Student: 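My questions will all concern the structure given below.
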Amino acid sequence: MSLALARKYRPATFDDLIGQEAVSQTLSMALEGKRLSHAYLFSGLRGSGKTSTARIFAKALLCEKGTSSHPCGICVHCTMASENSHMDIIEMDAASNRGIDDIKDLIEHTKYKPSLARYKIFIIDEVHMLTPQAFNALLKTLEEPPDFVKFILATTDPLKLPATILSRTQHFRFKKIPQPLVLKHLEHILDLENVGYEREALDIIARSGAGSLRDSLTLLDQAIVYSKNFVDVGTVTSMLGIIEPGRLETLLQDIMHKNTAQLLSFIKMATDYEAEMILDEFTLYLKELLLDEKSPFSPMIIERFFRVLAESKSLLALGSDGEFVLSLSLFKMMEALEIKDIDTMIRGLEQELKGVEVSEIIVTTQNTPVYEEVTVITEEDIIATLPVQKQHKASLSKEAQEVQTDSGSIPEVAQVPTTPVPPPQTQHNHLPQNKLFEKLVAKLYDRDYELGACFERNILFENFMDNELTWGSMAEDEDKKMLITHWGLISHFVQDVFGVGTKIINITKKKVDTPPSIEKETEVEQALVHEDADAASMIEEIEMKSSCIAPDAGETEAAKEKDPSSLFEEPMIKEAIALFDPKKVRIKRNA
């Protein structure tokens, strides 16, 4: 009768152990150096060699030539140990003998010397299945057994063992057997069995074994029978009910090229398989791609795919329709390719900012006031900025509004001649362009009111020529930080309003301190409006006899030059601003 491959090729020596070099080397050196413990604990994955190692170790202890890491294999003790018929090697399955009575019988056996050999060895498999009472009964014997007794405990779940048991044993941890070693061992066995095979098919079997050599050998046994002594990819995948790796590779290519027709064809074909199996195989395939240096997908894309698959597994756990979940996963993976990563967005922003030129202009003068910007405001502009009620007043009233001062006097408001003055090269030199700039400001206000207000009070339109937008910036401190923070948004709206590819030229304007004798002209964000029925609201120059701005007031205190910004503290100016509620106020010195 033929034996299963897992039994036929069970390791007989420490050299035959696969993937457990640390354990075999430690036990071999302990045997050679006669440094033996009274109790050992072997733990690890199923099929990793725990029971086989226990039997090899027991045979090495009982060999007639003495304790050695290389037992002779031909003496009576070695022969009986290999045939599992030695009277002094007692194997016990704790899963079926887990009660306190079973442990009492075992303890009773420890009182008697071995029948034939120098040691009596107890191998307790699946020891974690013992009851708490059985563990307590075993404690004392396990700690101080007779000199001729050795305990070898084996378990797949060491965390279930009491700490009192762990502290009384030498613990050896059996690791999962690497897939390349399993694959090599399968090839060796098939060569001995004279069975043909495809390496890719054995790789699928080794991967399905998940680190357990016994599971891999069991699958190999089944594959030999199913494939009629030639193990190939088609028969293995059909036997295991899994999808071929080549189809997964083609599927990923279709996802990358967004071939919706091929995706639908795959989904139709996948109805013959379990959705959970396809997701698991897809996950394993992504793992191989991540470790492949020639992978066409970046780790970021693979991570997104894995997230989609993990979420899909959770949907399947809720009892969702498998075909729907698989379809949803594939289309979500296609959409995941559209998401930009952080590095791509940073590079895009860098390329965008390369088109921005920043220059600095400092205007200086020795004998004349320093001006940062000259703005010409027309009569129509002033009326357009007034509330509806004030526009009506401006169109009907022909006389100047009287402003009550603290002293009760009413100043006369001088009329400014409406002689047309050629405007300087300012933001109003090109009216259509100015309207575009106003549209830009309106968009910023609509998106973020604070940003719009900051932009309007700090950015002054210069011109727009040859696809280049030039403006002046007076932003400082917090305003400057806000504009820098939202530069991407501002640039986006500039492209939207002025056209794609518009180049921004930002001119930083600063005021330079001048001697005290030189008077500055200050621009403020309000305008003083004088209502006139015929002129329909004009900008007026305010002159008062013996005032701070009258040119012929003599040497009086009021005639001395003052800081223009302090004029807003004058009662008359306050009352005028409160009455007219203008949008802009300009203080202009008479020549």
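What you see is a predicted model; the values in this text were computed from it and never measured.
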Student: Counting C-beta onward and ignoring hydrogens, is there a side-chain heavy-atom pair between Ile243 and Met269 closer than 4.5 Å?
Tutor: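 Heavy-atom side-chain distance check passes, below 4.5 Å.
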Student: Going by an N to O cut-off under 4.0 Å, is there a salt bridge joining Asp157 and Lys160?
Tutor: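 Yes, Asp157 and Lys160 are salt-bridged.
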Student: Check whether more than 12 heavy atoms from other residues, nucleotides or ligands sit under 6.0 Å from atom CZ of Phe306, and answer yes or no.
Tutor: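 Atom CZ in Phe306 is not crowded, with 12 or fewer foreign heavy atoms closer than 6.0 Å.
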Student: Please assess Met256 against Gln253 for the test side chain to side chain contact (heavy atoms under 4.5 Å, CB included), listing each intermediate value before the final yes or no.
Tutor: CA-CA 5 Å; Met256 185 169 65; Gln253 294 296 327; 3.2 Å; yes
Student: Please report the interatomic distance CG(Leu309) to CZ(Phe305), rounded to the nearest 0.5 Å.
Tutor: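 Answer rounded to 0.5 Å: 9.0 Å.
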Student: Between Phe331 and Thr260, is the side chain to side chain contact (heavy atoms under 4.5 Å, CB included) condition met? List the steps.
Tutor: CA-CA 9 Å; Phe331 284 105; Thr260 306; 3.9 Å; yes
Student: Has Glu456 got a side-chain atom pairing as donor or acceptor with Val441's backbone, closer than 3.5 angstrom?
Tutor: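 No: the side chain of Glu456 does not pair with the backbone of Val441.
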Student: For the backbone of Met482 and the side chain of His486, can you confirm whether one donor and one acceptor N or O come within less than 3.5 Å of each other?
Tutor: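 Here the side-chain-to-backbone pair exists.
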Student: Flag yes if more than 12 heavy atoms outside Glu244 fall under 6.0 Å of its CD atom; otherwise flag no.
Tutor: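 Yes.
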Student: Within a radius of less than 6.0 Å around CD of Glu450, do more than 12 heavy atoms belonging to other residues, nucleotides or ligands occur?
Tutor: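 No, not enclosed.
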Student: Begin with the C-alpha distance, continue with both residues' side-chain angles, and end with the deciding distance and a verdict on side chain to side chain contact (heavy atoms under 4.5 Å, CB included) for Glu200 and Val236.
Tutor: CA-CA 10 Å; Glu200 293 78 6; Val236 169; over 6 Å; no
Student: Less than 4.0 Å between a side-chain N and a carboxylate O, is that true for Glu311 and Arg307?
Tutor: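 No salt bridge links Arg307 with Glu311.
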Student: What residue among Asp280, Leu290, Leu252 forms side-chain contact (heavy atoms from CB on, under 4.5 Å) with Tyr285?
Tutor: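 Of the listed options, the one satisfying the test is Leu252.
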Student: Is it true that Lys503 and Asp466 have a side-chain N and a carboxylate O under 4.0 angstrom from each other?
Tutor: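 Judged by the 4.0 Å cut-off on N to carboxylate O distance, Lys503 and Asp466 do not form a salt bridge.
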Student: Using side chain to side chain donor-acceptor pair (under 3.5 Å), reason through Gln179 and Asp203 one step at a time and then give a plain yes or no.
Tutor: CA-CA 8 Å; Gln179 183 175 327; Asp203 189 61; 2.9 Å; yes
Student: Using the ring pair (Phe, Tyr, Trp, His ring centres under 6.0 Å) rule, pick out the option among Phe461, Phe464, Phe493 that qualifies with Phe437.
Tutor: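 When Phe461, Phe464, Phe493 are each tested with Phe437, the ring pair (Phe, Tyr, Trp, His ring centres under 6.0 Å) holds only for Phe461.
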Student: Please tell me if the side chains of Ile490 and Phe455 come closer than 4.5 Å, counting only heavy atoms from C-beta onward.
Tutor: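 Of all side-chain heavy-atom pairs linking Phe455 with Ile490, at least one is under 4.5 Å.
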Student: Does any non-hydrogen side-chain atom of Ile278 lie less than 4.5 Å from one of Leu326?
Tutor: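 Yes, at least one pair of side-chain atoms sits under 4.5 Å.
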Student: So, does Ser48 use its side chain to make a donor-acceptor pair with the main chain of Lys175 at under 3.5 Å?
Tutor: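 Pair absent, no side-chain N/O of Ser48 close to backbone of Lys175.
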Student: Distance from Leu183 atom CG to Ile177 atom CD1, nearest 0.5 Å?
Tutor: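 Between atom CG of Leu183 and atom CD1 of Ile177 there are 13.0 Å.
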Student: Rounded to the nearest 0.5 Å, how far does CG of Leu264 lie from CG of Asp254?
Tutor: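 The distance works out to 10.5 Å.
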Student: Between the side chains of Glu281 and Arg207, is the shortest nitrogen-to-carboxylate-oxygen separation below 4.0 Å, so that they form an ion pair?
Tutor: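 A salt bridge links Arg207 with Glu281.
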Student: Side chain to side chain contact (heavy atoms under 4.5 Å, CB included) between Leu440 and Phe498: does it pass, once the steps are laid out?
Tutor: CA-CA 9 Å; Leu440 171 63; Phe498 288 89; 4.2 Å; yes
Student: So how far is it from Ser491 OG to Asp496 CG, rounded to the nearest 0.5 Å?
Tutor: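 It is 11.0 Å, given to the nearest 0.5 Å.
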Student: How long is the span from the CG atom in Asp479 to the CD1 atom in Ile459, to the nearest 0.5 Å?
Tutor: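 Output value for this atom pair is 9.5 Å.
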Student: Taking Arg173 for the side chain and Ser43 for the main chain, is one N or O donor matched with an acceptor at less than 3.5 Å?
Tutor: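 Checking the backbone N and O of Ser43 against the side chain of Arg173, no donor-acceptor pair under 3.5 Å is found.
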Student: When you compare the side chain of Phe297 with that of Ile255, does any pair of heavy atoms fall below 4.5 Å?
Tutor: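 Not in contact.
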Student: When you measure from the side chain of Ser265 to the backbone N and O of Ala261, does any donor-acceptor pair fall under 3.5 Å?
Tutor: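 The answer is no, because no donor-acceptor pair under 3.5 Å joins these two groups.
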Student: At what distance, to the nearest 0.5 angstrom, does CG of Asn506 lie from CD of Glu462?
Tutor: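 Output value for this atom pair is 10.5 Å.
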Student: Take atom NZ of Lys332 as the centre, draw a 6.0 Å sphere, and report whether it contains more than 12 heavy atoms from other residues, nucleotides or ligands.
Tutor: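 Yes, NZ of Lys332 has more than 12 neighbouring heavy atoms, counting only those of other groups under 6.0 Å.
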